[in-house]
Amino acid sequence: PEPAATPAEILPPEVFPLVCEDCGDEVVQVPLDLNPAAKHQFGYDVGGSRLGILTILEGSEYEGVVERMEDSYQKAIAEGHDIGEPKYLDDVGDGAVVHDMVVVFKSGDDCGMISANMLQDVEGNPFETISREELEKLARIAAPRM
């Protein structure tokens, strides 16, 4: 894939997986300004719920984000939580790591981060909006387009 012509095209909304049958059928991309350090930031919404957020940072942020992910994992293990360990993806951009509900990846001068939101079903039970496998797929789409 070639680099995206605009920041909004790095991760187009139509590539997001739908997680519920009755929440709507079209994911909408919404510009966000939640992180002052972000070059670009977009939310991905469907049916009034946010599935996830794409944040593009300076590439120099990558190592720090990965270190915080590793620290978070070690802390969770020390506290006795059953949590999957970070998965390193050497074949995505200049490196990527998936941990919990976040994937971070570096491509050239940019660092991308896709965060999945946790939603609740009608009974109030939490569920992931985007699986780790789907986060990997989204990173594989976005990294070469940054």
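Since we're looking at a predicted model, the values are computed, not measured.
With Asp110 contributing its side chain and Met146 its backbone, the two residues share no donor-acceptor pair below 3.5 Å. Not one N or O on the side chain of Glu134 forms a donor-acceptor pair closer than 3.5 Å with the backbone of Ile130. With hydrogens and angles ignored, the 3.5 Å screen pairs no side-chain donor or acceptor of Tyr62 with any backbone N or O of Asp94. With Glu61 contributing its side chain and Cys111 its backbone, the two residues share no donor-acceptor pair below 3.5 Å.
The distance from the CG atom of Leu138 to the CG atom of Leu11 is 5.5 Å, given to the nearest 0.5 Å. Separating the CG atom in Asn117 from the CG atom in Asp45 is a distance of 8.5 Å, to the nearest 0.5 Å. Residue Met101 holds its CE atom at 10.5 Å from OG of Ser131, rounded to the nearest 0.5 Å. Rounded to the nearest 0.5 Å, atoms CD (Glu85) and CD (Gln74) are 9.5 Å apart. The CD1 atom of Ile114 sits 10.0 Å away from atom CD1 of Ile10, with the distance rounded to the nearest 0.5 Å. Distance check: Ile141 CD1 to Leu54 CG gives 11.5 Å after rounding to the nearest 0.5 Å.
When all heavy atoms are compared, the tightest approach of Arg50 to Ile53 is CD-CG1, 3.8 Å. Nearest heavy atom pair, residue Ala139 against residue Val92, reads O-CG1, 3.8 Å. Residue Ile56 comes nearest to Gly112 through the heavy atom pair CD1-CA, 4.1 Å, listed as atom of the first residue, atom of the second, then distance. Here the closest heavy-atom approach between residue Ser107 and residue Ala143 is recorded as OG-O, 2.8 Å. For the pair Asp91 and Arg140, the tightest heavy-atom approach, listed with the atom from each and the gap, is OD2-NH1, 2.9 Å. A pairwise comparison of heavy atoms in Pro13 and Val27 identifies CB-O, 3.3 Å as the closest pair.
If you chain together hydrophobic residues whose side chains sit under 4.5 Å apart, Val15 and Leu89 fall into the same group. Residue Val98 is grouped with residue Leu51 when hydrophobic side chains (ILVMFWY) are merged at heavy-atom distances under 4.5 angstrom, including chains of intermediate members. By the rule that hydrophobic residues join a cluster once side-chain heavy atoms approach within less than 4.5 Å of another member, Phe16 and Val46 end up as members of one cluster.
Within 6.0 Å of atom NZ in Lys39, more than 12 heavy atoms from other residues, nucleotides or ligands are found, so the atom counts as buried in its surroundings. For CG of Asp109, the number of neighbouring non-hydrogen atoms (other residues, nucleotides, ligands) closer than 6.0 Å is 12 at most.
Between Leu135 and Val102, every side-chain heavy-atom pair lies at or beyond the 4.5 Å cut-off. By the 4.5 Å heavy-atom criterion applied to side chains, Asn35 and Leu57 are counted as neighbours. Side chains of Tyr44 and Gln29 form a contact here, defined as non-hydrogen atoms less than 4.5 Å apart.
Lys87 is linked by a salt bridge (Lys or Arg N to Asp or Glu O under 4.0 Å) to Glu136, counting only residues two or more places apart in sequence or in another chain.
Partner Gln41 forms a side chain to side chain contact (heavy atoms under 4.5 Å, CB included) with one of Leu34, Val30, Asp33 and no other, that one being Leu34.
Among residue pairs with one or both ends in residues 68-116, those qualifying as ring-ring contact (aromatic ring centres under 6.0 Å, His included) are Tyr73-His99; sequence neighbours excluded.
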